[in-house]
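If you're wondering where the values come from, they're calculated on a predicted model, not measured in any experiment.
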Amino acid sequence: IEATLVFGQEEAGTAVCISPKGILLTCAHCVAETADDLDHGKLHWLVFTSGRVVAAKYAAWDDRRDLALLRIVSAQAAPVSAPGDLLLSTAGFPHVVPAQSQVPLDARLVCIGHPGSEDLEAAEAGVKTNYDVLHLSTGTFRGYSPGQDLQDNSEIGALQHDCWTYWGHSGAPLLGRKDGRLVGLHSSWDDQTAMRRGVPLEAIKEFLKEHENLL
């Protein structure tokens, strides 16, 4: 839980720290919808579950896998000596570790994400959900979408799971309940079957291997 972050922008998504150096993993569409929208110099403001505010910049982006890395460039001091006090921090951030291999079918999962504050299913605009900023849900790993390339999650995630999610959960870590290791990122849902979808571990590991210099 401590390694999960929420984007400061309203309903912008969720991220998870995967390195004590402050490397954050999230979905590519949480950072930019298209390559033209990608701003390498933009500061992204996020908040750890502890309440610690960090600023992060672009490090890597892959729209085919729907994965992105951000690098923390400044972090709120702990404890804070003055409101808004920031300092450069490059070590010691809480983080999760990717699993060595995918969990078995029907293995129990935990998903930690940020449900948006607006009820997008309500008949009228502006209705609030009253969900907590972070929501922990449990479910199971439901395998992969038959025939889908595990490295291509651009249209919809190849991983299937049934943890509860809502708009704003994109980038939320999917963790094995036994060991707490990362097995996927929630990214989307199938409106035909109502099955939750995510970026599978196989895509995450290949993506991180390509950018291992950042870790």
- Message: Apply salt bridge (Lys or Arg N to Asp or Glu O under 4.0 Å) to residues R65 and D62 and explain how you reach the verdict.
- Response: CA-CA 6 Å; R65 292 191 177 105; D62 187 329; 2.9 Å; yes

- Test item: N153 side-chain N/O and A158 main-chain N/O as donor-acceptor pair under 3.5 Å: yes

- Can you list the steps and then say if V103 with K178 is a side-chain contact (heavy atoms from CB on, under 4.5 Å)? CA-CA 10 Å; V103 293; K178 273 190 173 182; over 6 Å; no

- Query: Can you hop from L136 to L185 via hydrophobic side chains spaced under 4.5 Å?
  - Reply: yes

- Query: CD of Q160 to CH2 of W189: how many Å apart, nearest 0.5 Å?
  - Reply: 14.0 Å

- Task: Identify the residue among T49, V54, V53 that makes a side chain to side chain contact (heavy atoms under 4.5 Å, CB included) with L5.
- Result: V54

- Task: Assess the side chains of D36 and T34: does a donor N or O sit below 3.5 Å from an acceptor N or O?
- Result: no

- Task: Over all heavy atoms of both residues, which pair between H29 and S170 is shortest? Give the atoms and the distance, please.
- Result: NE2-OG, 2.9 Å

- Query: How far apart are the C-alpha atoms of V6 and L46, what are their side-chain angles, what is the distance that settles it, and do they pass the side-chain contact (heavy atoms from CB on, under 4.5 Å) test?
  - Reply: CA-CA 5 Å; V6 173; L46 302 97; over 6 Å; no

- Task: Treat each ILVMFWY residue as a node, draw an edge where side-chain heavy atoms are under 4.5 Å apart, and state whether L134 and L182 are in one component.
- Result: yes

- Out of R196, H161, H169, which residue meets the side chain to side chain donor-acceptor pair (under 3.5 Å) rule with H186? H161

- Heavy-atom donor-acceptor pair, K205 side chain to Q100 backbone, under 3.5 Å: yes

- Find the distance between CG (L214) and CD (E212) and round it off to the nearest 0.5 Å. 10.0 Å

- Query: Okay, side chain of T138, backbone of C163: is any donor-acceptor separation there less than 3.5 Å?
  - Reply: no

- Message: Using every non-hydrogen atom in the two residues, find where S101 and L201 come nearest and quote the distance to one decimal.
- Response: C-CD2, 3.4 Å

- Would a distance-only check, ignoring hydrogens and angles, find a side-chain to backbone donor-acceptor pair under 3.5 Å from S137 to W164? yes

- Item | Contact check, side chains of D39 and Y58, non-hydrogen atoms, under 4.5 Å | no

- Heavy atoms only: give me the nearest D63-A28 pair and the separation to one decimal. CA-CB, 4.2 Å

- Query: Do V73 and L43 have side chains that get closer than 4.5 Å, going by heavy atoms?
  - Reply: yes

- Are L208 and V183 in one and the same hydrophobic cluster, where Ile, Leu, Val, Met, Phe, Trp and Tyr link if side-chain heavy atoms are under 4.5 Å apart? no

- Output the distance between atom OG (S19) and atom CG (L69), rounded to the nearest 0.5 Å. 10.0 Å

- Message: Does atom CZ (R108) have a neighbourhood of more than 12 heavy atoms from anything else shown, all under 6.0 Å?
- Response: no

- Item | Heavy-atom pair of closest approach, residues F48 and C17 | CE2-CB, 4.1 Å

- Query: Can V96 be reached from L174 by stepping across I, L, V, M, F, W or Y side chains whose heavy atoms are under 4.5 Å apart?
  - Reply: no

- Does any non-hydrogen side-chain atom of R142 lie less than 4.5 Å from one of D106? yes

- Output the distance between atom SG (C27) and atom CG (D66), rounded to the nearest 0.5 Å. 4.5 Å

- Query: When rounded to the nearest 0.5 angstrom, what distance separates CH2 in W61 from NE2 in H211?
  - Reply: 11.5 Å

- Message: To the nearest 0.5 Å, what is the distance between CD on E210 and CD on E206?
- Response: 6.5 Å

- Evaluate the side-chain contact (heavy atoms from CB on, under 4.5 Å) criterion for residues H44 and L70: first the C-alpha distance (whole Å), next the side-chain angles of each, then the deciding distance (0.1 Å), finally the verdict. CA-CA 8 Å; H44 300 268; L70 299 173; 3.9 Å; yes

- Indicate yes or no: at least one non-hydrogen side-chain atom of V199 is less than 4.5 angstrom from one of L150. no

- Query: So which of L67, T26, L24 actually passes side chain to side chain contact (heavy atoms under 4.5 Å, CB included) with V31?
  - Reply: T26

- Side-chain touch R52/F93, heavy atoms, less than 4.5 angstrom: yes

- For the residue pair I112 and V110, establish whether any side-chain heavy-atom pair is separated by less than 4.5 Å. yes

- Task: On the 0 to 90° scale, with breaks at 30° and 60°, tag the F141-Y144 ring pair as parallel, tilted or perpendicular.
- Result: perpendicular

- Same cluster for L215 and L25 if Ile/Leu/Val/Met/Phe/Trp/Tyr side chains link at under 4.5 Å? yes

- Side chains of L175 and P173: closer than 4.5 Å at any heavy-atom pair? yes

- Query: Can you tell me if CZ on R71 sees more than 12 non-hydrogen neighbours from other groups inside 6.0 Å?
  - Reply: no

- Message: Looking at every non-hydrogen atom in both residues, tell me the closest pair between H95 and I18 and how far apart they are.
- Response: CB-C, 3.7 Å

- State, yes or no, whether a side-chain contact exists between R197 and Q148 at a heavy-atom distance under 4.5 Å. yes

- Message: Under the criterion side-chain contact (heavy atoms from CB on, under 4.5 Å), I'd like the reasoning laid out for T165 against C111: C-alpha separation, chi angles, the key distance, then a yes or no.
- Response: CA-CA 8 Å; T165 62; C111 180; 4.0 Å; yes

- Task: Check the surroundings of atom NZ in K57: do more than 12 heavy atoms from other residues, nucleotides or ligands lie under 6.0 Å from it?
- Result: no

- Message: Please give me the minimum heavy-atom distance between L159 and P200, naming the atom from each residue.
- Response: CD1-CA, 3.9 Å

